[in-house]
Amino acid sequence: MVLTTGQLIQWKQEGRAIVTLTAWDYGIARLLDEAGVDIILVGDSLAMVALGHSTTLPVTLDEMLHHAAAVRRGVKRSLVVCDLPFLSYQESTSQAIHSAGRVLKETGVGAVKLEGGHPAIVETVAQLTTIGIPVMGHVGLTPQSVHRLGYRQQGKSETDAERILAEAIALSQAGAFAIVLEHIPANLAAQITAKIPIPTIGIGAGPDCDGQVLVSADLLGLSSKKPPFAKAYVNLQEVITKAVREYAMEVRDRQFPPSNSS
Ligand code: KIV
(Lines give C-alpha, C1' and ligand atoms only; values in the text may rest on other atoms or scores of the structure.)
Protein backbone atom coordinates (compact mmCIF):
# COMPACT_ATOMS: atom_id res chain seq x y z
CA MET A 1 0.00 0.00 0.00
CA VAL A 2 1.27 3.43 -0.96
CA LEU A 3 1.62 5.93 1.91
CA THR A 4 -1.04 8.65 1.94
CA THR A 5 -0.71 12.36 2.62
CA GLY A 6 -3.03 11.87 5.62
CA GLN A 7 -0.64 9.34 7.17
CA LEU A 8 2.24 11.79 6.82
CA ILE A 9 0.29 14.53 8.58
CA GLN A 10 -0.46 12.01 11.35
CA TRP A 11 3.28 11.25 11.61
CA LYS A 12 3.96 14.92 12.37
CA GLN A 13 1.64 14.66 15.37
CA GLU A 14 3.46 11.50 16.47
CA GLY A 15 6.92 13.08 16.01
CA ARG A 16 7.91 10.46 13.43
CA ALA A 17 10.53 11.79 10.98
CA ILE A 18 9.71 11.71 7.27
CA VAL A 19 12.52 10.45 5.02
CA THR A 20 12.47 12.04 1.57
CA LEU A 21 14.79 11.68 -1.43
CA THR A 22 14.62 12.58 -5.10
CA ALA A 23 14.55 10.08 -7.97
CA TRP A 24 14.60 10.47 -11.74
CA ASP A 25 14.24 6.91 -13.09
CA TYR A 26 12.87 3.43 -12.43
CA GLY A 27 16.09 1.87 -11.11
CA ILE A 28 16.89 4.50 -8.48
CA ALA A 29 13.23 4.70 -7.42
CA ARG A 30 13.04 0.93 -6.86
CA LEU A 31 16.13 1.03 -4.62
CA LEU A 32 14.85 4.03 -2.60
CA ASP A 33 11.45 2.42 -2.14
CA GLU A 34 12.94 -0.91 -1.04
CA ALA A 35 15.23 0.95 1.40
CA GLY A 36 12.15 2.44 3.10
CA VAL A 37 12.14 6.05 1.88
CA ASP A 38 8.76 7.61 2.73
CA ILE A 39 8.43 10.30 0.02
CA ILE A 40 10.13 10.03 -3.37
CA LEU A 41 10.25 13.38 -5.10
CA VAL A 42 10.62 13.56 -8.85
CA GLY A 43 12.25 16.94 -8.43
CA ASP A 44 12.87 19.31 -11.30
CA SER A 45 16.50 19.13 -10.11
CA LEU A 46 16.56 16.21 -12.57
CA ALA A 47 17.11 18.95 -15.18
CA MET A 48 20.58 19.36 -13.66
CA VAL A 49 21.46 15.89 -12.34
CA ALA A 50 19.98 13.75 -15.13
CA LEU A 51 19.69 16.04 -18.16
CA GLY A 52 22.83 18.18 -17.83
CA HIS A 53 21.21 21.63 -17.69
CA SER A 54 22.78 24.34 -15.52
CA THR A 55 19.48 25.32 -13.80
CA THR A 56 16.07 23.68 -13.31
CA LEU A 57 14.36 26.12 -15.70
CA PRO A 58 14.64 24.29 -19.04
CA VAL A 59 12.93 21.01 -18.05
CA THR A 60 9.49 20.67 -19.66
CA LEU A 61 6.25 19.20 -18.37
CA ASP A 62 6.50 16.38 -20.94
CA GLU A 63 10.00 15.52 -19.71
CA MET A 64 8.78 15.52 -16.08
CA LEU A 65 5.89 13.22 -17.07
CA HIS A 66 8.31 10.80 -18.75
CA HIS A 67 10.56 10.60 -15.66
CA ALA A 68 7.70 10.53 -13.14
CA ALA A 69 6.01 7.59 -14.89
CA ALA A 70 9.30 5.65 -14.78
CA VAL A 71 9.80 6.46 -11.08
CA ARG A 72 6.23 5.42 -10.25
CA ARG A 73 6.76 2.03 -11.92
CA GLY A 74 9.62 1.37 -9.49
CA VAL A 75 7.65 2.14 -6.32
CA LYS A 76 5.40 0.00 -4.11
CA ARG A 77 5.19 1.89 -0.80
CA SER A 78 6.59 5.45 -1.01
CA LEU A 79 4.40 8.44 -1.78
CA VAL A 80 5.67 9.76 -5.13
CA VAL A 81 5.48 13.54 -5.59
CA CYS A 82 6.29 15.22 -8.91
CA ASP A 83 7.50 18.82 -9.32
CA LEU A 84 5.52 21.06 -11.64
CA PRO A 85 8.29 22.60 -13.76
CA PHE A 86 8.88 26.29 -14.43
CA LEU A 87 6.02 27.94 -16.37
CA SER A 88 3.74 24.92 -16.20
CA TYR A 89 1.64 26.51 -13.39
CA GLN A 90 2.48 30.20 -12.98
CA GLU A 91 0.42 31.57 -15.91
CA SER A 92 -3.02 30.87 -14.41
CA THR A 93 -4.91 28.56 -12.10
CA SER A 94 -6.38 26.74 -15.09
CA GLN A 95 -2.88 26.13 -16.48
CA ALA A 96 -1.90 24.70 -13.06
CA ILE A 97 -4.97 22.44 -12.94
CA HIS A 98 -4.27 21.20 -16.47
CA SER A 99 -0.57 20.49 -15.71
CA ALA A 100 -1.20 18.89 -12.31
CA GLY A 101 -4.05 16.84 -13.78
CA ARG A 102 -1.77 15.51 -16.49
CA VAL A 103 0.83 14.57 -13.86
CA LEU A 104 -1.67 12.55 -11.82
CA LYS A 105 -3.49 10.97 -14.79
CA GLU A 106 -0.49 10.13 -16.98
CA THR A 107 2.08 9.01 -14.38
CA GLY A 108 0.16 7.56 -11.44
CA VAL A 109 2.04 9.63 -8.85
CA GLY A 110 0.18 10.78 -5.73
CA ALA A 111 0.89 14.51 -5.52
CA VAL A 112 2.52 17.54 -7.13
CA LYS A 113 4.92 20.12 -5.72
CA LEU A 114 5.12 23.75 -6.73
CA GLU A 115 7.35 26.60 -5.65
CA GLY A 116 6.59 29.90 -3.93
CA GLY A 117 4.14 31.39 -1.49
CA HIS A 118 2.90 34.69 -2.84
CA PRO A 119 -0.90 35.12 -2.97
CA ALA A 120 -1.33 33.95 -6.61
CA ILE A 121 0.45 30.65 -5.82
CA VAL A 122 -1.51 30.24 -2.59
CA GLU A 123 -4.74 30.68 -4.59
CA THR A 124 -3.55 28.04 -7.07
CA VAL A 125 -2.80 25.62 -4.21
CA ALA A 126 -6.29 26.23 -2.81
CA GLN A 127 -7.87 25.46 -6.20
CA LEU A 128 -5.80 22.31 -6.75
CA THR A 129 -6.51 20.91 -3.30
CA THR A 130 -10.22 21.75 -3.61
CA ILE A 131 -10.48 19.50 -6.65
CA GLY A 132 -8.58 16.70 -4.91
CA ILE A 133 -5.02 17.14 -6.16
CA PRO A 134 -2.60 16.85 -3.21
CA VAL A 135 -0.01 19.64 -3.20
CA MET A 136 3.35 19.98 -1.49
CA GLY A 137 4.56 23.59 -1.14
CA HIS A 138 8.16 24.83 -1.34
CA VAL A 139 9.41 28.10 0.22
CA GLY A 140 12.74 29.70 1.14
CA LEU A 141 15.25 29.16 -1.65
CA THR A 142 13.11 28.32 -4.68
CA PRO A 143 15.44 27.26 -7.54
CA GLN A 144 12.94 28.24 -10.27
CA SER A 145 13.66 31.85 -9.12
CA VAL A 146 17.43 31.42 -9.38
CA HIS A 147 17.83 34.52 -11.56
CA ARG A 148 16.28 36.63 -8.79
CA LEU A 149 17.54 34.82 -5.66
CA GLY A 150 20.70 33.01 -6.72
CA TYR A 151 21.40 29.91 -4.61
CA ARG A 152 21.90 31.98 -1.44
CA GLN A 153 20.32 31.25 1.93
CA GLN A 154 16.95 33.00 2.27
CA GLY A 155 15.18 34.42 5.34
CA LYS A 156 18.22 35.99 6.99
CA SER A 157 16.67 39.43 7.54
CA GLU A 158 13.73 39.84 9.88
CA THR A 159 11.49 41.02 7.02
CA ASP A 160 12.37 38.02 4.83
CA ALA A 161 11.92 35.60 7.71
CA GLU A 162 8.48 37.06 8.48
CA ARG A 163 7.50 36.78 4.81
CA ILE A 164 8.58 33.12 4.57
CA LEU A 165 6.73 32.26 7.79
CA ALA A 166 3.59 33.98 6.45
CA GLU A 167 3.92 32.10 3.13
CA ALA A 168 4.19 28.74 4.92
CA ILE A 169 1.12 29.51 7.04
CA ALA A 170 -0.85 30.61 3.96
CA LEU A 171 0.12 27.46 2.00
CA SER A 172 -0.89 25.30 4.93
CA GLN A 173 -4.25 27.08 5.20
CA ALA A 174 -4.73 26.67 1.42
CA GLY A 175 -4.62 22.88 1.90
CA ALA A 176 -1.01 21.88 1.13
CA PHE A 177 -0.19 18.54 2.84
CA ALA A 178 3.51 19.35 3.41
CA ILE A 179 6.02 22.11 2.69
CA VAL A 180 9.66 21.92 1.64
CA LEU A 181 11.79 24.50 3.48
CA GLU A 182 14.95 25.06 1.45
CA HIS A 183 18.14 26.81 2.63
CA ILE A 184 16.75 28.97 5.44
CA PRO A 185 18.12 29.50 8.96
CA ALA A 186 17.47 26.59 11.32
CA ASN A 187 15.66 28.79 13.87
CA LEU A 188 13.22 30.03 11.20
CA ALA A 189 12.56 26.43 10.05
CA ALA A 190 11.96 25.41 13.69
CA GLN A 191 9.53 28.31 14.13
CA ILE A 192 7.58 27.38 10.96
CA THR A 193 7.53 23.71 11.96
CA ALA A 194 6.05 24.59 15.35
CA LYS A 195 3.44 26.93 13.84
CA ILE A 196 1.84 24.83 11.06
CA PRO A 197 -0.10 21.55 11.37
CA ILE A 198 1.41 19.95 8.24
CA PRO A 199 4.90 18.41 7.94
CA THR A 200 7.89 20.55 6.99
CA ILE A 201 10.53 18.79 4.92
CA GLY A 202 13.88 20.53 5.27
CA ILE A 203 16.84 20.82 2.94
CA GLY A 204 19.53 23.06 4.34
CA ALA A 205 17.05 24.14 7.02
CA GLY A 206 18.47 22.55 10.18
CA PRO A 207 17.44 19.54 12.28
CA ASP A 208 14.04 20.66 13.60
CA CYS A 209 11.93 20.05 10.48
CA ASP A 210 9.46 17.14 10.48
CA GLY A 211 11.44 15.44 7.72
CA GLN A 212 14.51 15.89 5.56
CA VAL A 213 15.09 15.72 1.81
CA LEU A 214 18.26 15.46 -0.25
CA VAL A 215 18.83 15.27 -3.97
CA SER A 216 19.84 11.60 -4.36
CA ALA A 217 22.69 12.46 -6.73
CA ASP A 218 24.24 14.49 -3.87
CA LEU A 219 23.74 11.72 -1.28
CA LEU A 220 25.25 9.16 -3.67
CA GLY A 221 28.25 11.28 -4.63
CA LEU A 222 27.15 11.55 -8.26
CA SER A 223 26.85 15.34 -8.50
CA SER A 224 29.64 17.39 -10.03
CA LYS A 225 28.84 20.20 -7.53
CA LYS A 226 26.72 19.78 -4.41
CA PRO A 227 25.29 22.51 -2.16
CA PRO A 228 27.12 23.19 1.14
CA PHE A 229 24.33 21.65 3.26
CA ALA A 230 24.18 18.33 1.37
CA LYS A 231 25.98 15.22 2.61
CA ALA A 232 27.43 12.53 0.32
CA TYR A 233 27.07 9.13 2.04
CA VAL A 234 29.09 7.35 -0.66
CA ASN A 235 31.24 8.40 -3.63
CA LEU A 236 29.63 6.58 -6.55
CA GLN A 237 31.61 8.67 -9.06
CA GLU A 238 34.75 6.91 -7.77
CA VAL A 239 33.07 3.49 -7.60
CA ILE A 240 31.70 3.74 -11.15
CA THR A 241 34.91 5.13 -12.66
CA LYS A 242 36.94 2.33 -11.03
CA ALA A 243 34.54 -0.37 -12.30
CA VAL A 244 34.48 1.06 -15.84
CA ARG A 245 38.30 1.34 -15.96
CA GLU A 246 38.62 -2.28 -14.77
CA TYR A 247 36.15 -3.46 -17.44
CA ALA A 248 37.94 -1.45 -20.17
CA MET A 249 41.29 -2.92 -19.14
CA GLU A 250 39.93 -6.48 -19.16
CA VAL A 251 38.33 -5.98 -22.61
CA ARG A 252 41.57 -4.54 -24.02
CA ASP A 253 43.63 -7.35 -22.45
CA ARG A 254 41.10 -9.93 -23.74
CA GLN A 255 40.44 -11.13 -20.16
CA PHE A 256 36.71 -10.43 -20.42
CA PRO A 257 34.76 -12.48 -21.25
CA PRO A 258 36.81 -15.47 -19.99
CA SER A 259 37.73 -17.93 -22.74
CA ASN A 260 35.56 -20.73 -21.23
CA SER A 261 32.38 -18.58 -21.36
CA SER A 262 29.94 -18.47 -24.26
O1 KIV B 1 13.89 19.61 -7.42
C2 KIV B 1 14.25 19.15 -6.32
O3 KIV B 1 15.04 18.19 -6.23
C4 KIV B 1 13.73 19.77 -5.11
C5 KIV B 1 14.39 19.43 -3.82
C6 KIV B 1 15.65 20.20 -3.70
C7 KIV B 1 13.51 19.65 -2.66
O8 KIV B 1 12.84 20.57 -5.18
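In each ligand, atom 1 is the first atom listed, and ligand 1 is the first ligand listed.
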Legend entry - Salt-bridge criterion met for Lys76 and Asp33 (N-O under 4.0 Å): no

Legend entry - Under-4.0 Å salt bridge between Asp218 and Lys231: no

Legend entry - Sequence neighbours excluded - salt bridge (charged side-chain N to carboxylate O under 4.0 Å, His left out) pairs with any residue from residues 7-32: Lys12-Asp210, Arg30-Glu34

Inset, instruction - Provide the full list of side chain to side chain donor-acceptor pair (under 3.5 Å) pairs with a residue in residues 171-189, sequence neighbours left out, each pair given once. - result: His138-Glu182

Inset, instruction - Going by the side chain to side chain contact (heavy atoms under 4.5 Å, CB included) test, name the single residue among Ile179, Thr5, Leu171, Thr193 that passes it with Ile198. - result: Ile179

Under 3.5 Å, which donor-acceptor pairs link side chains of residues 48-60 to any protein atom two or more places apart or in another chain?
| residue | atom | partner | partner atom | Å |
| --- | --- | --- | --- | --- |
| Thr55 | OG1 | Leu57 | N | 3.1 |
| Thr60 | OG1 | Glu63 | N | 3.0 |
| Thr60 | OG1 | Glu63 | OE1 | 3.4 |

Which atom pairs, nitrogen or oxygen on both sides, join ligand 1 and the protein at under 3.5 angstrom?
| residue | atom | partner | partner atom | Å |
| --- | --- | --- | --- | --- |
| ligand 1 | 1 (O) | Asp44 | N | 3.1 |
| ligand 1 | 1 (O) | Asp44 | OD1 | 3.1 |
| ligand 1 | 1 (O) | Ser45 | N | 3.0 |
| ligand 1 | 1 (O) | Ser45 | OG | 3.4 |
| ligand 1 | 1 (O) | Asp83 | OD2 | 3.2 |
| ligand 1 | 3 (O) | Ser45 | OG | 2.5 |
| ligand 1 | 8 (O) | Lys113 | NZ | 2.9 |

